[in-house]
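Some notes on the structure that comes next.
If you're wondering where the values come from, they're calculated on a predicted model, not measured in any experiment. Quick note on labels: first sequence line is chain A, next is B, and so on, each numbered from 1.
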Amino acid sequence: MYSLPRGTQDILPPDQPYWRYVQEVAEGLCRHYGYQRIDTPVFEETALFVRTVGEGTDIVDKEMYTFQDKGGANLTLRPEGTAPVCRAYIQHGMHNLPQPVKLYYFAPIFRYDRPQAGRFRQHHQVGFEAIGEADPALDAEVIDLAWRLYVDLGLRGMSLELNSIGCPACRPAYLESLVAYYRPLAALLCRDCQARLERNPLRLLDCKKEGCQPYAGEALKSSEHLCADCREHFESLQRRLARLGIPFHLNHRLVRGLDYYTRTVFEVQPQEEGAQSTIGGGGRYDSLIEQLGGKSTPAVGFATGIERIILNMKRQGIDLPAQAEATVFVSYAGDVAREQALDLVARLRREGIPATSAFDRKSLKAQLRQADARGVRFALILGEDELRDGAVTLREMEGGRQERIEAARIPEELRWRVFGKS
RNA sequence: GUGGGCGUCGCCUAGCGGUUAAGGCGCCAGGUUGUGGCCCUGGAGACCGAGGGUUCGAAUCCCUCCGCUCACCCCA
């Protein structure tokens with residue numbers, strides 16, 4: 001027997017309403033905010049991710065599904081959504097469109113990780129990117145959209161963590177002083193942090209190890225070592241968020257796991273206990289497009305994990321809007337009636353009325369049992385009596401009232417009953 | 001990559017050295033002639049994760065592997 005690959009999951013019918021709901025709400029909101037849908041391939045050239053996400057990040061170093069195709073091309077299953085969108089922006093000359101170009105996507109994401117609660121090797125993100133505008137009001141818009149998404153989905157207790165990690169003008173100096181601060185402490189740090197000190201000092205700040213925490217807490221804050229432009233940007237963003245009424249926590253230890261971020265970084269975290277502390281995250285990436293060979297173009301974006309959204313919705317007991325299926329079950333008694341019943345099902349479907357039937361030569365009892373199990377509201381019964389009279393019996397399952405209806409009037413009668421209109 | 005927990009019908013669970021491996025849910029069928037839900041009866045469905053061992057005898061004890069799961073790491 002085969003079972004699905006580790007870290008993947010089947011989304012079975014009972015769970016589909018959650019997915020549909022999240023996608024509907026997200027899609028509606030994105031459009032409401034003026035974002036347009038984009039879909040990019042499931043795999044891209046490996047270099048696209050290595051160059052943007054960054055060597056030294058976990059994603060690139062150990063989590064990518066990389067392979068060679070039969071032509072020798074080096075490809076990687078998309079481990080994140082932003083780089084492909086930027087690639088598409090450049091490739092299709094979107095800088096000729098009115099700026100900023102605002103795009104959203106739903107995409108499967110692949111990372112070779114050990115699976116655990118809320119973490120998979122294939123998961124799905126809804127994300128949005130606004131490319132071609134540096135104004136902090138755009139950062140605020142993206143954050144507003146992200147925040148609104150959780151609110152509209154009914155999630156409660158979310159917290160918005162916000163930080164600025166500076167730009168190429170001010171970050172190097174900050175990193176230098178950060179390293180200078182940490183260097184004397186090196187012997188006291190965990191192994192990972194000792195490596196971070198050399199490879200990616202910013203990440204020293206979000207080490208979760210108890211031994212390292214105090215140092216991170218005391219460390220210099222990037223947001224206090226910003227250049228004038230970055231400081232103004234950050235302050236302006238905070239003012240904008242305040243005007244939007246979006247509550248945020250300044251978190252100077254927030255850095256993100258991808259190298260391309262500049263200035264604004266943010267994460268949304270659920271209050272609930274559990275290992276997965278992030279439900280969505282994003283930030284500004286003003287150097288990314290240029291790094292990919294486009295002309296210098298500022299941008300900001302956000303992505304959130306659909307599985308984690310659904311996980312939190314379930315934890316919080318959020319009910320979905322009921323979606324009753326209006327299906328009519330056509331049952332029959334006898335072989336002649338069976339032929340007629342199957343014809344009737346086809347006719348109803350053509351008339352726009354959802355209809356099903358049993359397929360086998362089942363007893364009427366078995367058919368009605370099936371109708372009941374499927375939770376249909378109406379059953380039609382077609383037997384010799386009905387055939388003789390050119391009619392069918394319409395049975396309302398709840399309550400069990402039934403009446404004869406002239407065959408010719410069936411569609412209109414059902415339309416009226418099922419959909420409440422004629 | 002590192003730890004902890006767990007693997008018995010589709011799902012949940014009992015059995016913990018000798019049972020035809022049990023029960024509940026679900027599924028299928030029947031309970032008079034063409035009628036669901038409740039109830040009753042019957043049926044299908046498990047070589048007890050896999051492979052080794054110990055033993056007269058193993059789902060039950062031991063070992064190895066595999067899988068799932070939670071946590072670390074990292075992230076969505």
Side-chain angles (χ1 to χ4, degrees), chain A residues 1-9 12 14 53 56-63 78-82 106-127 146 190-193 195-196 200 203 206-210 212 254-258 267-270 273-282 302-312 329 331-338 341 358 360 362-387 393-402:
Chain A
M1 189 172 84
Y2 295 103
S3 52
L4 44 60
R6 176 150 222 221
T8 64
Q9 51 175 356
L12 300 175
V53 174
T57 61
D58 279 9
I59 291 178
V60 168
D61 284 357
K62 50 187 200 195
E63 294 176 1
R78 166 177 49 212
E80 67 98 27
T82 300
F106 293 94
I109 303 285
F110 303 86
R111 290 183 202 163
Y112 185 83
D113 242 2
R114 289 285 296 265
Q116 65 188 71
R119 199 176 73 188
F120 307 91
R121 289 183 173 177
Q122 176 181 345
H123 76 278
H124 302 262
Q125 293 184 4
V126 44
C190 70
R191 277 186 107 69
D192 288 338
C193 278
R196 288 179 181 122
N200 197 342
R203 304 209 55 83
D206 76 338
C207 182
K208 312 293 189 298
K209 292 250 173 15
E210 255 180 61
C212 303
L254 175 65
V255 300
R256 310 232 50 238
L258 301 87
E267 267 181 23
V268 177
Q269 304 179 347
E273 285 299 312
Q276 266 58 50
S277 58
T278 306
I279 190 168
F302 170 83
T304 180
I306 297 178
E307 285 83 354
R308 288 190 185 172
I309 287 178
I310 293 172
L311 179 70
N312 279 279
F329 192 95
S331 58
Y332 46 83
D335 284 349
V336 182
R338 176 172 177 271
D360 211 348
K362 287 172 181 293
S363 67
L364 187 57
K365 176 191 183 110
Q367 293 177 67
L368 286 174
R369 192 186 297 138
Q370 201 177 110
D372 181 59
R374 286 172 199 282
V376 307
R377 277 184 63 199
F378 297 101
L380 290 179
I381 299 169
L382 203 48
E384 285 173 25
D385 297 353
E386 286 83 355
L387 286 182
T393 296
L394 171 63
R395 178 180 180 84
E396 184 170 358
M397 296 304 280
E398 191 182 330
R401 295 169 43 146
Q402 50 185 57

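- If you check distances only, the side chain of A/K365 never reaches the base of B/G37 with a donor-acceptor pair under 3.5 Å.
- Expressed to the nearest 0.5 Å, how far CG of A/L254 lies from CD of A/Q269 amounts to 7.5 Å.
- Between B/C73 and A/R114, no contact under 4.0 Å exists linking OP1 or OP2 to a side-chain N or O.
- Regarding contacts with the backbone of B/C72, a side-chain N or O of A/Q116 is found under 4.0 angstrom from either OP1 or OP2.
- As judged by a 4.0 angstrom heavy-atom cut-off over every strand, A/Q9 is placed among residues making no nucleic acid contact.
- With 3.5 Å as the limit, one finds no donor-acceptor pair spanning the side chains of A/T8 and A/Q122.
- Judged by atom type and distance alone, A/Q367 does not reach the base of B/G34 through any side-chain donor-acceptor pair under 3.5 Å.
- Interface remark: the A/R6 side chain does not form any donor-acceptor pair with the B/G67 base, using a distance-only criterion of under 3.5 Å.
- Spacing of P atoms, B/G3 relative to B/C65, comes out at 12 Å, to the nearest Å.
- Nucleic acid contact class of A/T57 (heavy atoms, under 4.0 Å, all strands): none.
- The separation of B/C56 from B/G30, taken at their C1' atoms, amounts to 46 Å, rounded to a whole angstrom.
- At a threshold of 4.0 angstrom between heavy atoms, the contacts of A/Y332 with the nucleic acid are absent.
- Counting non-hydrogen atoms under 4.0 angstrom, A/D113 reaches a base of the nucleic acid.
- One C1' atom belongs to B/G57, the other to B/G17, and the distance between them is 8 Å to the nearest Å.
- One P atom belongs to B/G18, the other to B/C25, and the distance between them is 28 Å to the nearest Å.
- For A/D372 and B/G37, a side-chain-to-base donor-acceptor distance below 3.5 Å is absent, hydrogens and geometry of angles not being considered.
- Heavy-atom contacts from other residues, nucleotides or ligands closer than 6.0 Å to OH of A/Y112 number 12 or fewer.
- Using Watson-Crick or G-U wobble geometry with both donor-acceptor distances under 3.5 Å, B/C38 finds no partner in any strand shown.
- One finds a side-chain N or O of A/K362 lying less than 4.0 angstrom from the OP1 or OP2 phosphate oxygen of B/A29.
- Pair assignment for B/C75 gives none, since no Watson-Crick or G-U wobble pairing has each distance under 3.5 Å.
- Using Watson-Crick or G-U wobble geometry with both donor-acceptor distances under 3.5 Å, B/G3 finds its partner in B/C70.
- Between the side chain of A/R308 and the base of B/C75 there is at least one donor-acceptor pair of N/O atoms closer than 3.5 Å.
- B/C39 and B/A46 have their C1' atoms separated by 29 Å, given to the nearest Å.
- Nucleic acid contact for A/L258: sugar-phosphate only, since backbone atoms but no base atoms lie under 4.0 Å from a heavy atom of the residue.
- Residue-level contact check: A/G334 touches neither bases nor backbone, having no heavy atom under 4.0 Å from any strand.
- Residue A/A337 is out of contact with every strand shown, counting any heavy-atom pair closer than 4.0 Å.
- As judged by a 4.0 angstrom heavy-atom cut-off over every strand, A/Q402 is placed among the base-contacting residues.
- Under the Watson-Crick or G-U wobble criterion, with both distances below 3.5 Å, B/G18 is paired with B/C56.
- If you check distances only, the side chain of A/R119 does reach the base of B/C73 with a donor-acceptor pair under 3.5 Å.
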